[in-house]
Amino acid sequence: MSLARSRLPQPLRRSSRKPSTTSPGSIPATDGDPRSLRESICDVTDEDGTPRAGQLGRALSLLESWTRWLEAERARGLVDSAENERYRKFMEGLIRLTRRDGSIVLGNGHLHEGQPQGGVQRQVWSNAARLVEPRLQKLLSEVLGGGIAGRASSKQGSLPSPSANSEEAGLAVLRPTWSSPRLVVDYHSSQLRLALDYGGELLVCGDCNPRLMIDGTPLEPLSRWESTCWVTDDDVDYLELELSLTGDVRVQRHLVFAREDQLVFIADAVLGGPPGVIDYQLALPLAEGVSVECGDQTRETALVKRGRRRATVLPLGLSEWKGDRSRGELHTGTGVVELRQSAAGAANLFAPWFIDLEPRRFSRPITWRQLTVAEERQIQPDDAAVGYRVQVGTRQWLFYRSLIACGNRTLLGHNLISEFLAARFSRRGVPETLIEIEASLDENE
C-alpha cells in the first residue's frame, strides 16, 4: 500500500474540566455523584471511550466505579444509548490492553511477574462483563484465560480489531491478531513509552526516548510526540510519530508490525539539523525477568525469558560484525539493550531496529547489511537516503528511508520515489510492498 503522509496539525482535544485528584490505582469517590463520575470519565478517556495513555494507572479503578454507577442507573431506566456505547468502547479499549492477570499494560498498578493472578482485578472484570454484549464477554474470557489462540483465533472476523490508535488519548496498540504479540505505544507527552508482550509475558516495557547530541550539544524536546500517520490493513499496523527538538531538529519514529511476518520494525529518523557530528542513543527497556544472549562475533541479540528465546533483535544501522565499529555500538546490560549510533559531517541520521518474534525462525541463520542507494548513477550519502536488507533463513525483507527530498532512487535494482518503504521478498526474489509512504508536498519543495 502506498500512502501520502498527512502533516496537518493534530492537537489534543483536552477536557476543559479540572483534572481529577484521585491518586493512581485508587477508586474515584464518585458513587452517588453522576457529575463527578462523568468528569472522571472525561479525564481518563477520549471522546470515544479510549483510555488516555497518561491515566492507565486509574483505568481499572474507573471501570469499577463506572460499572457500579451504570448498573444502578440501568435499574432505574436512566441510562441513554450514548452512555452505554461509551462504556462499551471503554471496555473494548481496555481489553486491548489487558494482560492475563487482569492488569493493564503500562498501567502503574500491574502485578509483578510471577505473582498469583489478582482476584481484585478479575472481580472488576467479572462485574463489568455483565454490562456488555456476549461477543465482548467471550473475548474478555479468552484474554484472561490465555485461550485466545485456540477457538477464538479462527473467528477473528467476528471480534473487534485488536489494533487501534487514538491521537487524543496518545495511545496506540499494534497487534496483528488477538493471539499474536502486542506492541503498545504511549505517546501522550514528550516522553514515549513502549511495551512489547508475547504470550502474556512482557519483553520490553518502559521509557523509550532517544538521546541526541549534535557537536556535543544535547538536544531537548520542545513538543509532545504527535501522530503523523496511522495505517492498519491486511499487511501491517503502521504508526508514525514526530517530536520537535531544540536546534530545529525533528525525530520521526516509524513503528511497523508486519502481520504475516510476525516482526516489529522500529526506527528513528533524525532530521533538519545543521551538518555536524550526530550522536544518537536509544535504550530498549527490558521487562522484569528478561535477559539477553549476544552472538560471539555478530550483533545478533536474543531476548530470553524463563529459559526460552522470545525475540531476536538486530540493530540494522550497525554492521552485523562486532569488529566493525565505524557507525556505532550495541551495549547490553541488566534490563537494557542500548544502541549508540553516530555520524560525522551529517545533517540527518537513521537508526533502525528489526525485532523478529516468529519462533520458527529463531534457529535459522541471520544476516543483514546496509545497501547502496543511487540517484542518477550517483551513490547517495547516508544522510540523504538509506536502505537495508535482512535475511532470516530463506525469508528476506527490504527497508528504505529517504532523509532529504525524495528523488528517483535505486537500490537492489528497485526504483523508488517514496519516503519510506518496508517490503518482503517473494520466493521469486521480487519485493512485495508491506507499507510505502510518500512524502508530503511541503517536504519535497
Side-chain angles (χ1 to χ4, degrees), residues 12 14-75 79 82-113 115-132 136-137 139-141 143-144 164 166 168-171 173 182 184 186 188-189 193 195 197 200 202 205-206:
L12 275 177
R14 297 189 183 276
S15 169
S16 61
R17 299 177 176 87
K18 294 181 180 180
S20 171
T21 58
T22 306
S23 60
S26 64
I27 298 173
T30 58
D31 291 337
D33 187 349
R35 289 175 300 177
S36 178
L37 177 60
R38 288 190 177 99
E39 289 178 2
S40 294
I41 292 169
C42 291
D43 288 340
V44 179
T45 71
D46 70 5
E47 292 181 355
D48 291 328
T50 302
R52 295 185 187 275
Q55 299 288 340
L56 294 179
R58 297 179 54 204
L60 285 181
S61 297
L62 176 65
L63 178 62
E64 183 174 16
S65 290
W66 198 350
T67 299
R68 289 201 299 260
W69 175 81
L70 197 61
E71 283 183 316
E73 294 296 283
R74 282 187 180 183
V79 178
E83 290 172 330
N84 279 322
E85 179 63 10
R86 187 163 185 177
Y87 181 86
R88 186 196 65 78
K89 288 184 176 180
F90 182 56
M91 278 279 289
E92 186 176 301
L94 280 186
I95 293 173
R96 290 191 182 97
L97 300 168
T98 301
R99 302 181 61 208
R100 291 180 184 176
D101 61 12
S103 64
I104 302 299
V105 175
L106 292 178
N108 297 329
H110 67 266
L111 300 179
H112 293 292
E113 298 293 332
Q115 285 189 352
Q117 294 178 342
V120 174
Q121 287 96 328
R122 286 183 167 271
Q123 188 59 51
V124 171
W125 283 114
S126 177
N127 294 338
R130 297 197 299 263
L131 302 184
V132 294
L136 282 186
Q137 293 175 358
L139 177 60
L140 176 61
S141 176
V143 168
L144 295 177
S166 170
E168 183 181 351
L171 184 70
V173 180
R182 162 179 52 190
V184 179
D186 168 0
H188 81 283
S189 70
R193 295 193 301 160
D197 70 345
L202 285 171
C205 187

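- The nearest pair of heavy atoms linking Val105 to Ala195 is CG1-CB, 3.3 Å.
- Distance check, rounded to the nearest 0.5 Å: CD of Glu64 to CZ of Arg58 gives 13.5 Å.
- Residue Glu71 holds its CD atom at 5.0 Å from CG of Leu131, rounded to the nearest 0.5 Å.
- Ion pairing between Arg52 and Glu168 holds under the 4.0 Å rule for side-chain N and carboxylate O.
- Note that OG of Ser61 is 11.0 Å distant from CD of Gln55, once rounded to the nearest 0.5 Å.
- Side-chain atoms of Leu171 and Leu97, non-hydrogen and from C-beta on, do get closer than 4.5 Å to each other.
- Nearest approach of Leu136 to Arg88, heavy atoms of both residues: CD1-CG, 3.7 Å.
- Across all non-hydrogen atoms, the minimal contact from Gly102 to Leu60 is O-CD1, 3.5 Å.
- Side chain of Arg74 to main chain of Asn84: no donor-acceptor pair is present (N/O by atom type, distance under 3.5 Å, no hydrogens or angles).
- Minimum interatomic distance between Ala128 and Met91 (heavy atoms only, all atoms of both residues): CB-SD, 3.6 Å.
- Distance alone, capped at 3.5 Å, is enough to place a donor-acceptor pair between the Thr98 side chain and the Leu94 backbone.
- Taken to the nearest 0.5 Å, the CH2 atom of Trp66 stands 13.0 Å off from the CD atom of Glu73.
- Between the side chain of Arg182 and the backbone N or O of Arg96 there is at least one donor-acceptor pair closer than 3.5 Å.
- Distance alone, capped at 3.5 Å, places no donor-acceptor pair between the Trp125 side chain and the Leu140 backbone.
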Test side-chain contact (heavy atoms from CB on, under 4.5 Å) on Arg99 and Leu202; report intermediate values, then the result.
CA-CA 9 Å; Arg99 302 181 61 208; Leu202 285 171; 4.0 Å; yes
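- Using modelled atom types, one finds no donor on one side chain facing an acceptor on the other under 3.5 Å when comparing Asn127 with Thr67.
- In terms of heavy-atom proximity, Ala169 sits nearest to Pro51 at CB-O, 3.5 Å.
- One N or O on the side chain of Arg193 and one on the backbone of Leu106 form a donor-acceptor pair closer than 3.5 Å.
- Screening Val132, Thr50, Thr45, Asp48 for a side-chain contact (heavy atoms from CB on, under 4.5 Å) with Phe90, the sole residue that qualifies is Thr45.
- Rounding to the nearest 0.5 Å places CG of Leu144 at 10.0 Å from CD of Gln121.
- Gln137 places a side-chain N or O within donor-acceptor distance of the main-chain N or O of Ala129, the cut-off being under 3.5 Å.
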